[in-house]
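Take a look at the structure below.
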Amino acid sequence: MQHGPAVRRRKLGAELRTLRARAGLTSGEAARLVGWHQSKVSRIETGTSGSKPADVRLLLDAYGVADPQLRELMLALAGAEESGGRDHWWHAYRGVLPPTYRDFISLESQASAMRTLETSVVPGLLQTPEYARAVTSAAVEGVDEEQLDALVEVRLARQDVLRARPPLELSAVLDEAVLRREVGGPEVMARQLGRLVEAARLPQVSLQVLPFAAGAHIGVTGPFVIFSFSRTSDLDVVVLDHLTSSLYLERKEDLQAYTEAFNALRAHALSPGDSSDYIAAIADGA
């Protein structure tokens, strides 16, 4: 397990090493093209040191990488505030958001797909403003009204990834407890359940409910997120949320284990159609 920045450095370095090899260059030849010492290229490729966005641009140019989406992702991994693609709007909230949350949002904004198991609350990308406010107020101790407003703004701004072109493909498995836990009062919860029913109709969203009747399941160990990236190799990552930090898993064994766990959860959950009906039935009684 590693924190986000370390994982991003390693993934950026691995991808740059692959791009260099595709360009038919040795690390020494690449270094000469950009006017560096070979050791700098090696440190970047092994993830032992960070790299500035400007350095990544030089390498991408040297390797003849013209794909704008690939360049955007590489620059985002390097921490570019503006990579020529989606606006990195979350930097305006640096004073409010911890680094791990900013890192999560950055990955979310660049991912092509997101698979998530939620055991306690509605996924942030599908929350109503009232629900988001109630959840944030309960989760962040001692937050004042101004900070609370900012955190809710961030939660809602994140949802733009579902309206992007192309949109993020979201596949979520929700434990029934998510639907039964009354957050913000009955009216807030009723509107939130209605929002889930609406979201389930979107082509880029797949919602499945894991009912209590399913009994114990592999997801009882806690929620998780799997981010996937369509334009690059070996950049998928698992995110585990904890009270004070997020942990990122990048090993192939971890990715395989969590992918298999998610597939098993989907197999035990209600179908998307039955899940939508199930949510609507709970909403009618909410």
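These numbers come from the heavy atoms of this one structure, side chains and all, not from hydrogens, waters or symmetry mates. Residues take their numbers from the sequence shown, with the count starting at 1.
- Rounded to the nearest 0.5 angstrom, L16 CG and Y63 OH are separated by 6.5 Å.
- Judged purely by atom type and a 3.5 angstrom limit, E169 has no side-chain atom pairing as donor or acceptor with the backbone of Q204.
- A side-chain donor-acceptor contact under 3.5 Å links D236 to the backbone of F229.
- Using a distance-only test at 3.5 Å, with no hydrogens or angles considered, no donor-acceptor pair links the side chain of R115 to the main chain of A172.
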- Show your reasoning for whether side chain to side chain donor-acceptor pair (under 3.5 Å) applies to T46 and R17. CA-CA 9 Å; T46 57; R17 183 169 59 250; over 6 Å; no
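- Between the side chain of Q256 and the main chain of E253, no donor-acceptor pair closer than 3.5 Å is present.
- Residues passing the salt bridge (charged side-chain N to carboxylate O under 4.0 Å, His left out) test with E45 are R20, sequence neighbours excluded.
- Here the CG-CG distance, from D67 to L19, works out to 10.0 Å after rounding to the nearest 0.5 Å.
- S271 meets the side chain to side chain donor-acceptor pair (under 3.5 Å) test with D274; sequence neighbours excluded.
- Ring geometry, Y93 versus W89: the interplanar angle exceeds 60°, so the pair is classed perpendicular (tilted spans 30 to 60°).
- Distance check, rounded to the nearest 0.5 Å: CD of Q159 to CD of E108 gives 9.5 Å.
- Closest approach of L33 to L25, counting heavy atoms only: CD1-CD1, 3.7 Å.
- In this structure a side-chain-to-backbone donor-acceptor pair under 3.5 Å is present from Y131 to V122.
- For Q38 (side chain) and S27 (main-chain N/O), no donor-acceptor pair under 3.5 Å exists by modelled atom type.
- Between the side chain of S137 and the backbone N or O of R133 there is no donor-acceptor pair closer than 3.5 Å.
- Comment: D160 engages R163 in a salt bridge, judged by a side-chain N to carboxylate O separation of less than 4.0 angstrom.
- Using a 3.5 Å distance cut-off with no hydrogens or angles, the side chains of R201 and S276 do not pair a donor with an acceptor.
- Rounding to the nearest 0.5 angstrom, the gap separating the CZ atom in F227 from the OG1 atom in T116 is 8.5 Å.
- Contact check for L210 versus L270: no side-chain heavy atoms found under the 4.5 Å cut-off.
- For A150 against V96, the heavy-atom pair with the smallest separation is CB-CG2, 4.1 Å.
- Here the straight-line distance linking atom CD1 of I226 with atom OH of Y258 works out to 9.0 Å at 0.5 Å rounding.
- Distance NZ/K252 to OG1/T259: 13.0 Å, rounded to 0.5 Å.
- Heavy-atom minimum distance, R158 versus L125: O-CD2, 3.5 Å.
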- Trace of the side-chain contact (heavy atoms from CB on, under 4.5 Å) decision for V143 with T136: CA-CA 9 Å; V143 65; T136 304; 5.7 Å; no
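- One finds a salt bridge joining R71 and D61 here, because a Lys/Arg side-chain nitrogen approaches an Asp/Glu carboxylate oxygen to under 4.0 Å.
- The nearest pair of heavy atoms linking M189 to L179 is CE-O, 3.6 Å.
- At a threshold of 4.5 Å between non-hydrogen side-chain atoms, the residues E118 and D175 do not count as touching.
- Smallest separation of non-hydrogen atoms from S49 and R43: OG-CB, 3.3 Å.
- The shortest heavy-atom contact between W90 and R102 is NE1-O, 3.9 Å.
- Formation of a donor-acceptor pair under 3.5 Å by the T128 side chain with backbone atoms of Q192 is not found in this model.
- For the pair V237/L107, a side-chain contact is recorded, criterion being any heavy-atom separation below 4.5 Å from C-beta on.
- Applying the salt bridge (Lys or Arg N to Asp or Glu O under 4.0 Å) rule to pairs touching residues 178-194 yields E176-R180, sequence neighbours excluded.
- A distance-only check finds no donor-acceptor pair linking the side chain of S206 to the backbone of S171 [under 3.5 Å].
- Although no hydrogens or angles enter the test, the distance criterion places no donor-acceptor pair under 3.5 Å between the side chain of T119 and the main chain of G222.
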